[in-house]
Amino acid sequence: MAAGGYSKVDIALRNGSVLHSIKDEGEMARNRDFDKVVEDIKNCFANSPEPSIKITHYFAIYAELFSHLRGTECTFVETGVLNGGSLFMWREWLGPRARIIGVDMNPAAAKWREDGFEILIGDQGDPAFWEQAFTQIGAFDALLDDGGHQSFQQIVTAKSAIRAAKKPCVVVIEDTCTSFMKEFSRHRDRSFLNYAKSATDLLVANANEFFPGEYPHIDNPGVVEEFQQVYSIQFYSGMVAFQIDPAPVERPVIVWNKEADKFQSDFRYEGVESAEVVWPDPFTRQVVTVRGGRGN
């Protein structure tokens, strides 16, 4: 046993140039457990009796976002039933206690009710449909949007689900690549991804109270309030997840662990005053200068 009570496993790469020392067997076990969960959902996908289409790296994202629901009495909503294959995948992977609800605009999707699924027929781009649908659904644990993929449909679905949340839950918008695709380009610069990126500003908007006079004036307090229960927005390759907890929480405040006898000098403005950065835009190469120093 090595110091600290960890057993030490040394793994030499084949070329012999790098030696990795893995000390925490607990982390190795957690990684193996996660890999098993991913493999489980892949098998459920492969074994579904009906066709379904997925992108291969999605399975690990599903495992990260939804695995806590396995074996529980959860309510899982999926928009975009298509051929029904994913409904069977979710039921097998989440377990028999899961309530699986499919949403589709095609009336033919109602056939999956015969297999024990709840199916709601309606237009996900219409807020009125969601208002009625969530009255029927009630509290839910997860909503996965794999529906029409038009930006306005994705935005309306996310907004409606966030507004309807009654318990801690996650709302996931899938196939966000459509924000860039020609077929879906009528949104112009008002894509779902741009909407989600702007929404991240709402996570810190209330911090303006910490620094009076430093923030721009908030002229849209309604949307800040609308996203009040969203505590995290996670971006993945092809998905965006909104983590929601509608329980009232105390507004954050700045705290000290103890009173400082004296404050050390702040050197943040003493170094270089700018940096040239290749801006992370995949479609246009831009080298920009990001300037520092005190603002006006």
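Quick note: residue numbers are just sequence positions, from 1. FYI, side chains are in, hydrogens and waters are out, and symmetry mates aren't considered; it's all heavy atoms of this structure.
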Could you tell me if the side chain of [Y] sits less than 4.5 Å from the side chain of [X], heavy atoms only?
| X | Y | value |
| --- | --- | --- |
| F235 | T176 | no |
| E273 | R291 | no |
| I121 | M105 | no |
| C44 | K42 | no |

Between [Y] and [X], is there a side-chain donor-acceptor contact under 3.5 Å, judged purely by atom types and distance?
| X | Y | result |
| --- | --- | --- |
| T178 | H149 | no |
| D175 | Y58 | yes |
| Y236 | E64 | yes |

Around atom [atom1] of [X], are there more than 12 heavy atoms from other residues, nucleotides or ligands closer than 6.0 Å?
| X | atom1 | answer |
| --- | --- | --- |
| M239 | CE | yes |
| I53 | CD1 | no |
| E114 | CD | no |
| F267 | CZ | no |

Would you say the side-chain atoms of [X] pair up with the backbone N or O of [Y], donor to acceptor, closer than 3.5 Å?
| X | Y | answer |
| --- | --- | --- |
| H57 | S237 | yes |
| S86 | M89 | no |
| R99 | C74 | no |
| N47 | N43 | yes |
| T72 | L69 | yes |
| N83 | G85 | no |
| H187 | F192 | no |

At what distance, to the nearest 0.5 angstrom, does [atom1] of [X] lie from [atom2] of [Y]?
| X | Y | atom1 | atom2 | answer |
| --- | --- | --- | --- | --- |
| S48 | L87 | OG | CG | 8.0 Å |
| F242 | Y231 | CZ | OH | 13.5 Å |
| R186 | F184 | CZ | CZ | 13.0 Å |
| N106 | K111 | CG | NZ | 10.5 Å |
| E225 | Q228 | CD | CD | 5.0 Å |
| D104 | L120 | CG | CG | 10.5 Å |

Quick one: do [X] and [Y] end up in the same hydrophobic cluster if we chain Ile, Leu, Val, Met, Phe, Trp and Tyr together by side-chain heavy atoms under 4.5 Å apart?
| X | Y | value |
| --- | --- | --- |
| L144 | V37 | yes |
| V240 | V171 | yes |
| I55 | M181 | no |
| I101 | F88 | no |
| I119 | F134 | no |

What closest approach, in Å, do [X] and [Y] show between heavy atoms, and which atom pair accounts for it?
| X | Y | value |
| --- | --- | --- |
| G147 | D145 | N-OD1, 3.0 Å |
| T200 | I233 | N-CD1, 3.9 Å |
| L94 | A98 | CB-CB, 3.8 Å |
| V170 | A241 | CG2-CB, 4.1 Å |
| P246 | P168 | CD-N, 3.8 Å |
| S274 | T289 | CB-CG2, 3.9 Å |

Taking L143 as the fixed residue, which of V172, I244, V77, T75 is the one that meets the side-chain contact (heavy atoms from CB on, under 4.5 Å) rule? V77
Would you list the atom pairs, donor with acceptor, under 3.5 Å between side chains in residues 155-167 and any protein atom, with sequence neighbours excluded?
from, atom 1, to, atom 2, distance (Å)
T157, OG1, Q124, NE2, 2.7
T157, OG1, Q153, O, 2.8
K159, NZ, E226, OE1, 3.4
K159, NZ, E226, OE2, 2.6
S160, OG, V156, O, 2.8
K167, NZ, D141, OD1, 2.9

Just do the side-chain contact (heavy atoms from CB on, under 4.5 Å) check on W279 and R285 with the steps written out, would you? CA-CA 7 Å; W279 206 248; R285 177 176 170 79; over 6 Å; no
I need the single residue from W93, W90, F117, F140 that forms a ring pair (Phe, Tyr, Trp, His ring centres under 6.0 Å) with F76. Which is it? W90
Taking the hydrophobic residues Ile, Leu, Val, Met, Phe, Trp and Tyr, and joining any pair whose side-chain heavy atoms are under 4.5 Å apart, which ones share a cluster with V278? V287
Could you walk me through whether V223 and F227 pass the side-chain contact (heavy atoms from CB on, under 4.5 Å) check? CA-CA 6 Å; V223 75; F227 276 76; 4.2 Å; yes
Working for salt bridge (charged side-chain N to carboxylate O under 4.0 Å, His left out), residues E174 and K54: CA-CA 10 Å; E174 186 169 291; K54 295 293 180 184; 3.5 Å; yes
Verify side-chain contact (heavy atoms from CB on, under 4.5 Å) between T79 and W130, making sure each step is shown before the conclusion. CA-CA 11 Å; T79 66; W130 281 118; 3.5 Å; yes
E118/R113 ion pair, N-O < 4.0 Å: no
Residues R70 and D40 bridged, charged N to O under 4.0 Å: yes
Pair R190, Y195 - check side-chain contact (heavy atoms from CB on, under 4.5 Å), show working. CA-CA 7 Å; R190 301 302 185 186; Y195 173 85; over 6 Å; no
